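Predicted model, so just to flag it, every value in this text is computed and none were measured. Note that ligands are numbered from 1 as they come in the structure, with each ligand's atoms numbered from 1 the same way. Quick note: numbers below take in every heavy atom, side chains included, and nothing from hydrogens, waters or symmetry partners.
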Amino acid sequence: MSGDCDFGLIGLAVMGENLALNVESRGYKVAVYNRTTSKVDELLAGRAKGKNFVGTHTLEEFVAAVARPRKLMMLVKAGPAVDALIDSLIPLCDEGDILIDGGNTYYVDTEERTKRVEAAGLLYVGAGVSGGEEGALKGPSLMPGGTEAAWPHIKDMFQAIAAKVGPNDDIPCCEWVGPRGAGHYVKMVHNGIEYGDMQLICEAYQLLHELGGLSNEELYDVFAKWNEGVLQSYLIEITRDIFSAKDDQGGDGYLVDKILDVAGAKGTGKWMSQLALDLGVPSTLVTTAVFARGLSAQKEARTRASKTLNGPSDSLNPEMSALAKKLTGDKQAFIDAVHDALYASKIVSYAQGFVQLQAASAEHDWKLDYGQAALLWRGGCIIRAQFLDRIKEAFGEQPDLENLLLYPYFEEAVENAQAGWRAVVSAASLLGIPVPAFSAALNYFDGYRLERLPANLLQAQRDYFGAHTYQRVDREGTFHSEWLDLRKQP
Ligand code: 2AM
């Protein structure tokens, strides 16, 4: 039996509820189900009252309420709950029905589930959904992957509910990403890039605050200005606003200054870092950002260490002190240099993210379209930024572009930002302010642009102690040497 609902949604936590309301608002009839069935009733009596919803109390009822081929989306806790639901849904569904997982799922699970669901005669979609609660309601960025035959069935609905960008606000931030776990992988890279962006902004804040002496009011003005230029983005915009928020507990001053400096994390940045290590690609920005959160979480240890470990204040010689002053003394020049450091580092961070996507795409045979991935992140999601138009353009012109740093627009941008970037990293280092992401980005840039790195010595060491062999620059072949025998005699 099948009903007349266009879409079914399981899991009525805030994301699920908002997404269901979004779908209904585009003219679709929506069936909903939740394990704790009282939530169904609450929704139907509350936010969904008078709207085109069908509330159901059992999975049987739920599946029966939706028209075939059924589009059934799960927005439940990632992990075993999704497997359990799939197992329950398969026998209730008919051939050709579509199961969609919109949760924050590890892509390997989606790879496996796609095969399992396809083997049962159904279609499977693992969709990255980004944009938080508000995005889910008003227009998220959607990154669907899985059984490609599902796409024509869900395309109109998915593109209708997605965020829109472009001059006429009509380009949806939703396109088919690729087979199996490709959508969830792209979503994970989005989150990893978000880690990098946030860490970079935090470093800019600390520099401007500690070395530039900027007040929260001044920080607001700086971020407001930055948001009108190349750094324009959702994260710069909300950071600007954060600097103007007063303490909501009745205290004096600004709320941001009252917040404990211990970062939380849900783990997608860690996934991306681990996978970068597995692939052997240097995604140093996300990894640095994950570690920076980890160090922040060691608050008690840092508090103890702060009482005994000294910074450079007493050990700088007069020349170094003078240099540090020169680098930070002119307030506006320093603000501009931090801007440039942030911009150049951000370009490196995205370059790394796309290199990882390329490596993953090759490994899993996903045939990802990188320009399209940039477009999916253009609106609705946390890393949305104007800057992504340029990335879309770059991969549009050169689909096989090896590294964003080599695209003329970014090459020139980094070239122009370079002096400020180096000045900021130098000043921070001289004055003892940690800038792990700014410097990781700069080190990647310097490593990537050098034809010769000291890995010749590393290979020599490996061959010396472990006979791991090496190759030569001047002849073909694989070599091993008896290093002790080759020592120059005194
Ligand atoms: P609940 O309201 O019954 O807890 C986010 O946690 C969403 O996932 C909620 O809608 C929650 O349902 C649902 N959820 C969590 N674990 C689940 C499971 N094992 N089976 C079904 N739904 C689950």
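A donor atom on one side chain and an acceptor atom on the other are not found under 3.5 Å apart for Gln352 and Gln356.
The only member of Asn34, Asp41, Thr37 that meets side chain to side chain donor-acceptor pair (under 3.5 Å) when paired with His57 is Asp41. When each of Phe354, Tyr234, Tyr370 is checked for a ring-ring contact (aromatic ring centres under 6.0 Å, His included) with Trp377, only Phe354 meets the rule.
Proximity of Phe410 to Phe387: side-chain heavy atoms (C-beta onward) are separated by under 4.5 Å at one or more points. For the pair Leu405 and Val414, the minimum side-chain heavy-atom distance is below 4.5 Å.
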Please give the N or O to N or O pairs under 3.5 Å between ligand 1 and the protein, distances rounded to 0.1 Å.
from, atom 1, to, atom 2, distance (Å)
ligand 1, 2 (O), Asn34, ND2, 2.9
ligand 1, 2 (O), Lys39, NZ, 2.9
ligand 1, 3 (O), Arg35, NE, 3.0
ligand 1, 3 (O), Thr36, N, 3.0
ligand 1, 3 (O), Thr36, OG1, 2.5
ligand 1, 4 (O), Arg35, NH2, 3.0
ligand 1, 8 (O), Lys77, N, 3.3
ligand 1, 10 (O), Leu12, N, 3.3
ligand 1, 10 (O), Asn34, OD1, 2.7
ligand 1, 16 (N), Arg35, NH1, 3.4
ligand 1, 19 (N), Arg35, NH1, 3.4

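Every residue two or more places apart in sequence or in another chain that forms a salt bridge (Lys or Arg N to Asp or Glu O under 4.0 Å) with Asp389 is listed here: Arg378.
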